[in-house]
Amino acid sequence: RGEMFALYDEGKLKSIAVVSREDKDTCELKNIATYPQDQGKGYGKKLIYYLFEYYKTRYKFMLVGTGDSPFIILFYEHCGFLISHRVKNFFIDHYDHPMFEAGQQLVDMVYLKKNL
């Protein structure tokens, strides 16, 4: 359930994202992915900024949940999100195998929030 967005540059797909409605005031960025060879070039950030503009008249807030990975959290903070709350043991309780990011096992889900 949600809307999917795709960012193309010179006719080539660079990033995709899915956003869902959580309640009357809140949407959530459920997934965002950029091809590995295109990471670090601003495509993900540009897509997120587009989503802020697209949803600002429909919602008051945007959430995003991610693993407790400093690199990813820093990316979202640079996009304007602030840490909101965390769900303890999310990746332990909801996955049948260990999840890793940059060699670190993910345990808690960290939610960040942006006022639109």
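Bear in mind that the values here come from a model prediction, so they are computed numbers and not experimental data. Atom set for the values below is all heavy atoms of this structure, side chains included, hydrogens, waters and symmetry mates excluded.
Tyr59 and Leu63 fall into different hydrophobic clusters, where Ile, Leu, Val, Met, Phe, Trp and Tyr side chains are chained together by heavy-atom contacts under 4.5 Å. Linking Ile, Leu, Val, Met, Phe, Trp and Tyr residues whenever their side-chain heavy atoms come within less than 4.5 Å leaves Val107 and Met109 in two separate clusters. Hydrophobic clustering (ILVMFWY, side-chain heavy atoms < 4.5 Å, transitive): Phe61 and Phe81 are in distinct clusters. No single ILVMFWY cluster, assembled from side-chain heavy atoms under 4.5 Å apart, contains both Leu29 and Ile16. Grouping the Ile, Leu, Val, Met, Phe, Trp and Tyr side chains by contacts below 4.5 angstrom, directly or via other members, places Leu7 with Tyr76.
In the model, Ser20 has a side-chain atom that pairs as donor or acceptor with a side-chain atom of Glu22 under 3.5 Å.
Residues Cys27 and Arg21 have side chains not in contact (no heavy-atom distance under 4.5 Å, counting atoms from C-beta outward). Side-chain contact check for Phe75 versus Phe71: every heavy-atom pair is 4.5 Å or farther apart. For the pair Ile83 and Glu77, the minimum side-chain heavy-atom distance is below 4.5 Å. Using a 4.5 Å heavy-atom threshold, the side chains of Phe52 and Met62 count as touching. When side chains are defined from C-beta on, Asp68 does not count as touching Leu106, because their heavy atoms never get closer than 4.5 Å. Counting heavy atoms from C-beta on, the side chains of Val87 and Asp108 never come closer than 4.5 Å. For the pair Ile92 and Gln105, the minimum side-chain heavy-atom distance is below 4.5 Å. Within the 4.5 Å cutoff, no side-chain heavy atoms of Lys56 are placed close to those of Lys114.
Rounded to the nearest 0.5 Å, atoms OG1 (Thr34) and NZ (Lys46) are 12.5 Å apart. Taken to the nearest 0.5 Å, the NZ atom of Lys12 stands 9.5 Å off from the CD atom of Gln37. Atoms CG and CG, on Leu116 and Asp25 in that order, are 10.5 Å from each other to the nearest 0.5 Å. A distance of 8.0 Å separates CG in Asn31 from CE in Met4, rounded to the nearest 0.5 Å. Interatomic distance, NZ of Lys113 versus OG of Ser84, reported as 5.5 Å (0.5 Å rounding).
One finds a salt bridge joining Glu28 and Lys30 here, because a Lys/Arg side-chain nitrogen approaches an Asp/Glu carboxylate oxygen to under 4.0 Å.
The two residues Gly44 and Ser15 have their closest heavy-atom pair at N-OG, 3.8 Å. Listed here is the closest heavy atom pair of Phe100 and Pro98: CE1-CB, 3.5 Å. The shortest non-hydrogen separation linking Leu51 to Ala17 is CD1-CB, 4.0 Å. Residues Cys79 and Ile48 come closest through the heavy atom pair SG-CD1, 4.0 Å.
A 6.0 Å sphere centred on NZ of Lys41 holds more than 12 heavy atoms belonging to other residues, nucleotides or ligands. Other residues, nucleotides and ligands place no more than 12 heavy atoms under 6.0 Å from the OH atom of Tyr35.
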Self-check item: Trace of the side-chain hydrogen bond (donor to acceptor under 3.5 Å, both in side chains) decision for Glu3 with Tyr55
Solution: CA-CA 11 Å; Glu3 293 183 278; Tyr55 284 111; 2.6 Å; yes

Practice problem: Mind running salt bridge (Lys or Arg N to Asp or Glu O under 4.0 Å) on Lys14 and Asp38 for me, showing each step along the way? | Solution: CA-CA 6 Å; Lys14 302 296 182 175; Asp38 296 317; 3.4 Å; yes

Exercise. Run the numbers on Lys88 and Arg86 for side chain to side chain contact (heavy atoms under 4.5 Å, CB included), then give the verdict.
Key: CA-CA 6 Å; Lys88 295 285 187 188; Arg86 70 176 53 228; 3.8 Å; yes

Quiz item: Could you walk me through whether Phe5 and Tyr54 pass the ring-ring contact (aromatic ring centres under 6.0 Å, His included) check?
Solution: CA-CA 11 Å; Phe5 297 82; Tyr54 183 85; 5.1 Å; yes

